[in-house]
Amino acid sequence: MNKLLLVLPFCMLMVVACDSSQDSQSSKAEKTVTSVEPAELAIEKDVAPEAEVKTEAVVEVETVKPEVKVAMSGEQIYKRSCQSCHASGAAGAPKLGDTAAWKARVAKGTDVLYLSALKGIPGTAMMAKGTCGTCSEEELNAAVDYMVSKIN
């Protein structure tokens with residue numbers, strides 16, 4: 001076996017050098033590769049086969065988390081959307097903390113106040129959801145609760 005390994009590359013080199021049909025423009029690297037490949041094959045035949053190598057593709061998956069809307073507090077909703085009218089009393093809106101202005105409204109019950117915030121009040125400047133079109137019903141109710149809590 002050892003003699004074969006020594007003689008085979010030499011014989012291959014001789015065959016390549018003597019081959020007249022060899023393209024004269026072939027690079028030296030191509031000739032070397034051609035002469036080395038059979039020797040490598042001969043070595044591989046006599047050596048015990050290695051364990052089969054398996055490759056696995058790694059795929060990165062980007063997970064998109066659904067946007068979770070965090071409910072804002074009644075005070076936050078009031079400051080963001082309600083105070084523009086309820087702080088100044090614009091268009092007849094009852095001012096925050098004005099007991100007299102809120103008395104008749106509160107007497108109708110909390111459910112009526114919630115409905116007014118959600119659906120608006122026809123014939124007034126109070127439109128559905130006020131100026132908070134993205135607020136949930138729970139957030140609107142919290143804003144109403146906040147405003148009612150400020151009545152002295």
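Tested against Tyr114, the residues Thr110, Leu118, Val112 include a single side-chain contact (heavy atoms from CB on, under 4.5 Å) partner, Thr110.
Closest approach of Ala142 and Ser73 over heavy atoms only: CB-C, 4.5 Å. Of all non-hydrogen atoms in Met126 and Ala117, the two that sit nearest each other are CE-CA, 3.7 Å. For the pair Gly92 and Arg105, the tightest heavy-atom approach, listed with the atom from each and the gap, is O-NH2, 3.9 Å. Here the closest heavy-atom approach between residue Lys95 and residue Trp102 is recorded as O-NE1, 2.8 Å.
Atom CD1 of Ile151 and atom NZ of Lys103 lie 11.0 Å apart (nearest 0.5 Å). Atom CD of residue Glu75 and atom SG of residue Cys82 lie 11.5 Å apart, to the nearest 0.5 angstrom.
Within the 4.5 Å cutoff, the side chain of Lys108 has no heavy atoms near those of the Leu113 side chain. Between Ile77 and Tyr146 the shortest side-chain heavy-atom distance does not fall below 4.5 Å.
Hydrophobic clustering, with ILVMFWY side chains joined whenever heavy atoms are under 4.5 angstrom apart, keeps Leu115 apart from Met147. When the side chains of ILVMFWY residues are joined at heavy-atom separations under 4.5 Å, either directly or via intervening members, Leu96 and Val144 end up in a single hydrophobic cluster. A continuous path of hydrophobic side-chain contacts links Tyr78 to Val106 [ILVMFWY only; heavy atoms under 4.5 Å].
Checking side-chain atoms of Thr131 against main-chain N and O of Ser81 turns up a donor-acceptor pair under 3.5 Å.
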**Request:** Verify side chain to side chain contact (heavy atoms under 4.5 Å, CB included) between Glu139 and Cys132, making sure each step is shown before the conclusion.
**Result:** CA-CA 10 Å; Glu139 289 172 321; Cys132 190; 5.6 Å; no
